[in-house]
J.: 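Okay, here's the structure, questions in a sec.
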Amino acid sequence: VSFSDDAIQFSNCRINFCAHGDDRIQLDVSQNGGITYPTNLVPLITSWTTPLTYTYSAGVTGPLTTNTKFRFTVTDSGAQVGGFIASIQLTDGINTGTYVTSGPGNNIELLFDVTDSPGGITTGNYVYNPVGTGAWGTYWTDPDRSCLNWDLGMEWVWNGQNANTM
């Protein structure tokens, strides 16, 4: 996840992250354009039913510039499908926007790109499942179970493989 300099007022920015990763998920930050990710922002979450939540405040938590990139790493540990679903709320003191994971063609800004996945999987080959369908079922239709924003058409994204990392 990265931001262009014309999109936000960096000095006032606050970013609220909410995500689930099946089976394990972590969130890292890079301040050098994604060359390295030395800072783990959230301890590894080892249950797909436990949300990863984190608030990043520019100037408090760390700097926020055009070189700042955030990376989710999701590891599937079993024979069942793995996946990733997330929403980010961005507030810059003037504007607020919420961005979610969603497949191409849904008229929703796809802010999350799977940038590394084993087996040569490309963006066009990812599997997208709306909340309440697929392997994750109706567990996710109850908004009390998570911090995710259900009303925006978000979807789980999966690379179609088991026991790997995205």
Side-chain angles (χ1 to χ4, degrees), residues 1-3 14-30 34-57 61-62 68-91 97-166:
V1 179
S2 60
F3 306 97
R14 186 180 73 243
I15 306 168
N16 295 313
F17 294 92
C18 175
H20 286 270
D22 185 1
D23 293 295
R24 297 185 304 267
I25 188 171
Q26 66 185 50
L27 175 63
D28 303 310
V29 64
S30 169
I35 296 170
T36 60
Y37 287 85
T39 306
N40 179 262
L41 296 174
V42 178
L44 180 68
I45 302 212
T46 59
S47 171
W48 70 277
T49 60
T50 301
L52 178 152
T53 58
Y54 187 77
T55 299
Y56 190 93
S57 297
T61 310
T68 305
K69 291 189 181 263
F70 297 94
R71 176 182 68 186
F72 291 96
T73 303
V74 179
T75 303
D76 175 30
S77 61
Q80 300 292 324
V81 299
F84 171 65
I85 192 167
S87 64
I88 289 182
Q89 183 181 54
L90 174 70
T91 304
T98 301
Y99 305 91
V100 299
T101 51
S102 182
N106 288 341
N107 297 321
I108 299 170
E109 182 176 346
L110 179 60
L111 188 64
F112 300 95
D113 293 322
V114 178
T115 58
D116 185 29
S117 188
I121 303 298
T122 61
T123 303
N125 293 323
Y126 292 116
V127 178
Y128 295 90
N129 289 100
V131 171
T133 67
W136 304 278
T138 58
Y139 181 87
W140 300 103
T141 59
D142 180 356
D144 293 332
R145 294 189 191 266
S146 177
C147 53
L148 297 171
N149 190 327
W150 304 110
D151 299 329
L152 297 177
M154 61 191 328
E155 296 178 309
W156 283 90
V157 60
W158 176 50
N159 66 1
Q161 298 180 358
N162 297 328
N164 66 89
T165 299
M166 294 193 302

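Source: prediction; values computed, not measured.
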J.: Between P38 and V29, which heavy-atom pair has the shortest distance, and what is it?
T.: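 Closest approach of P38 to V29, heavy atoms only: CD-O, 3.8 Å.
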J.: Judged by atom type as modelled, is there a donor-acceptor pair below 3.5 Å linking the side chain of D22 to the main-chain atoms of G82?
T.: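 Checking the backbone N and O of G82 against the side chain of D22, no donor-acceptor pair under 3.5 Å is found.
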J.: Going from CG on L44 to CG on L27, what distance comes out if it is rounded to the nearest 0.5 angstrom?
T.: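 Rounded to the nearest 0.5 Å, the CG-CG separation comes out at 12.0 Å.
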J.: Between the side chain of S30 and the main-chain N/O of T36, is any donor-acceptor distance below 3.5 Å?
T.: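 Such a contact is found between S30 side chain and T36 backbone.
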J.: Could you report the tightest heavy-atom contact between E155 and Y128, atom names first, then the distance?
T.: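 It is OE1-CB, 3.6 Å.
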J.: Determine the interplanar angle of the W156 and H20 rings, folded into 0 to 90°, and report it as parallel if under 30°, tilted if 30 to 60°, perpendicular if over 60°.
T.: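 Ring orientation of W156 relative to H20: tilted.
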J.: Starting at CH2 of W48, measure out to CD1 of I25 and round the result to the nearest 0.5 Å.
T.: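 Between W48 CH2 and I25 CD1, I get 13.0 Å after rounding to 0.5 Å.
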J.: Mind telling me whether F72 and F17 have parallel, tilted or perpendicular rings, with 30° and 60° as the class edges?
T.: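 Perpendicular: the ring planes of F17 and F72 meet at over 60°.
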J.: With S57, which residues qualify under side-chain contact (heavy atoms from CB on, under 4.5 Å), at least two apart?
T.: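 Applying side-chain contact (heavy atoms from CB on, under 4.5 Å) to S57 gives R14, T55, V60, T61.
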J.: Please list, chain by chain and in numerical order, all residues satisfying side-chain contact (heavy atoms from CB on, under 4.5 Å) with D28, sequence neighbours excluded.
T.: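 Only Q26, Y37, N40, R71, T73 meet the side-chain contact (heavy atoms from CB on, under 4.5 Å) criterion with D28.
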J.: Is there a side-chain contact between L41 and F70 (heavy atoms, below 4.5 Å)?
T.: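 Heavy-atom side-chain distance check passes, below 4.5 Å.
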J.: Considering non-hydrogen atoms only, spot the tightest contact between S77 and R24 and give its length.
T.: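 It is CB-NH1, 3.3 Å.
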J.: Rounded to the nearest 0.5 Å, what's the gap from CG on L52 to CZ on F84? Could you check?
T.: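 Reported value, rounded in 0.5 Å steps: 8.5 Å.
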